[in-house]
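The structure appears below as structure tokens.
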Amino acid sequence: MAISQGPVSVAMANHVPVHTEKTSRIVSENVIQTTPEELPHNERYIVVSPYTEQQHLLDLTTLDPENQILALALTQLTCLREDYATAPYRDTFNWDQIIEHVRALARKRNYTWKETSFFVVAFRSQVFESTVDNYADLGELDKAAHAEATASGGFLKYWFGTPNEERRNLATCIWRSPEDAKKGGTGPAHRKAAGATRSLYSFWHIDRHRLTIRDNVESWDLTEWN
């Protein structure tokens with residue numbers, strides 16, 4: 001039985017997950033703003049996770065230009081490897097294309113990009129065999145936690161895969177800052193989800209990375225967050 005799972009807001013605590021993976025999409029690339037001005041409802045929000053209901057959408061007007069642009073670029077995030085559960089994180093996604101998309105969006109808006117760092121979390125896990133048979137209710141836990149994290153602000157991207165034959169998986173969250181990640185993981189839905197972690201996973205490990213995009217998008221790097 002194939003199952004999908006990945007924790008929302010895996011950053012300062014452990015979280016639970018699930019559901020089948022969906023590809024994020026751009027609602028509109030043309031709405032990028034350099035100030036948080038009011039936008040029409042259908043241009044203001046973008047899908048950045050497997051969940052497409054209103055409470056799960058990212059509000060572009062809550063972000064500064066660098067975070068707006070990266071969030072739009074991350075709607076094109078694509079997994080490049082079938083062994084993503086164990087592969088090096090940097091090699092797992094199309095980061096070069098994401099950065100090129102950032103560069104193109106900044107150029108299109110005639111915006112001078114200022115060096116900015118973003119907080120990236122990779123959650124590697126292995127579920128118990130028994131988890132597969134008791135997965136039905138976990139989707140609602142994950143969905144509630146995601147809505148809570150989205151409402152807290154600064155949650156730019158949520159992606160997770162499908163466990164492999166050894167029940168190993170990768171999930172990732174990209175945040176504006178570690179402070180946003182910490183705030184996003186403190187609500188009741190996250191506490192409820194985190195409480196189930198030990199009974200769901202035989203193994204989990206959290207890596208924290210810093211995505212730095214330098215002035216004028218001339219270069220970038222993905223390093224450990226120290």
Side-chain angles (χ1 to χ4, degrees), residues 2-11 15 17-27 29 32 46-52 56-58 63 66-106 113 115-126 142 146 149-150 154-164 166 168-178 180-181 184 204-214 217-226:
I3 53 176
S4 297
Q5 55 94 38
V8 167
S9 179
V10 284
H15 304 275
V18 319
H19 288 324
T20 54
E21 178 187 357
K22 297 180 183 178
T23 302
S24 296
R25 61 183 172 85
I26 294 180
V27 171
E29 279 190 357
I32 196 70
I46 61 171
V47 176
V48 295
S49 79
Y51 309 115
T52 59
H56 299 284
L57 305 184
L58 176 64
L63 303 172
E66 281 74 16
N67 280 275
Q68 288 179 347
I69 291 171
L70 180 64
L72 282 167
L74 285 170
T75 63
Q76 304 300 307
L77 187 72
T78 302
C79 181
L80 301 177
R81 300 177 57 141
E82 293 184 359
D83 62 342
Y84 53 77
T86 56
Y89 185 81
R90 182 170 178 145
D91 299 337
T92 298
F93 298 102
N94 61 329
W95 292 110
D96 286 333
Q97 287 78 13
I98 294 300
I99 300 305
E100 182 54 41
H101 197 43
V102 167
R103 187 178 294 114
L105 285 170
W113 177 278
E115 180 171 321
T116 305
S117 290
F118 306 89
F119 185 56
V120 180
V121 178
F123 180 84
R124 300 186 187 275
S125 64
Q126 183 178 36
D142 188 59
H146 183 270
T150 299
F155 195 6
L156 306 181
K157 182 66 180 180
Y158 175 39
W159 180 96
F160 56 82
T162 298
N164 63 19
E166 296 179 342
R168 295 183 182 276
N169 199 10
L170 169 70
T172 191
C173 300
I174 302 172
W175 293 85
R176 177 172 52 189
S177 70
D180 287 319
W204 69 87
H205 179 76
I206 296 173
D207 291 318
R208 299 174 177 87
H209 305 280
R210 182 191 301 271
L211 172 63
T212 301
I213 306 176
R214 298 185 179 88
V217 200
E218 291 182 353
S219 63
W220 67 281
D221 206 355
L222 187 64
T223 59
E224 290 187 16
W225 189 285
N226 297 315

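Quick caveat: nothing in here was measured; it's all calculated off a predicted structure.
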Mutual orientation of the aromatic rings belonging to W95 and F93 [parallel < 30°, tilted 30-60°, perpendicular > 60°]:
perpendicular
State, to 0.1 Å, how close A85 and N164 come at their nearest heavy-atom pair, and which atoms those are.
CB-ND2, 3.9 Å
Residue pair R214 / E115: nearest heavy atoms and the distance that separates them
CG-OE1, 3.6 Å
Dump the intermediate steps for side chain to side chain contact (heavy atoms under 4.5 Å, CB included) on W220 and L211, then the final yes or no.
CA-CA 7 Å; W220 67 281; L211 172 63; 3.8 Å; yes
Between V48 and L74, does the side chain to side chain contact (heavy atoms under 4.5 Å, CB included) criterion hold? Intermediate values first, please.
CA-CA 8 Å; V48 295; L74 285 170; over 6 Å; no
Which pair of non-hydrogen atoms, one from L156 and one from A71, has the smallest distance, and what is that distance?
CD2-CB, 4.3 Å
List the residues meeting ring pair (Phe, Tyr, Trp, His ring centres under 6.0 Å) with H56, not counting sequence neighbours, and say none if there are none.
Y51, H146
Passing candidate, side chain to side chain contact (heavy atoms under 4.5 Å, CB included) with L70, options I98, T116, L63:
I98
Search all heavy atoms of T52 against all heavy atoms of L57 and return the closest pair with its distance.
O-CD2, 3.7 Å
Are the charged groups of D221 and R90 less than 4.0 angstrom apart, N to O?
yes
Looking at every heavy atom in both A73 and V102, which two are closest together, and how far apart are they?
CB-CG2, 3.5 Å
Quick one: are V217 and I99 in side-chain contact, heavy atoms under 4.5 Å?
yes
In this structure, which one of H209, R210, R208 forms a side chain to side chain contact (heavy atoms under 4.5 Å, CB included) with F119?
R208
Can you check whether F118 and W175 have ring centres sitting under 6.0 Å from each other?
no
Within this structure, what is the NE2-CG distance for the pair H101 and L77, rounded to the nearest 0.5 Å?
11.5 Å
Tell me, do P50 and F160 make a side-chain contact under 4.5 Å, heavy atoms counted?
yes
State, yes or no, whether a side-chain contact exists between D207 and W225 at a heavy-atom distance under 4.5 Å.
no
With rounding to the nearest 0.5 Å, note down the distance linking CG in N94 to CD in E100.
12.0 Å
Polar contact flag, side-chain donor to acceptor under 3.5 angstrom, S177-D180:
yes
Does a side-chain heavy-atom distance below 4.5 Å link V121 with I206?
yes
Any side-chain heavy-atom pair of Y89 and R124 under 4.5 Å
yes
How many angstroms lie between CD in Q126 and NE2 in H205, if you round to the nearest 0.5 Å?
14.5 Å
Could you tell me whether the side chain of K157 reaches within less than 4.5 Å of the side chain of T172, counting heavy atoms only?
no
Can you find a pair of side-chain heavy atoms, one from W159 and one from T78, that are under 4.5 Å apart?
no
If you measure from CZ on R81 to OG1 on T86, what distance do you get to the nearest 0.5 Å?
7.5 Å
Between T162 and Y84, is the side chain to side chain contact (heavy atoms under 4.5 Å, CB included) condition met? List the steps.
CA-CA 10 Å; T162 298; Y84 53 77; 3.8 Å; yes
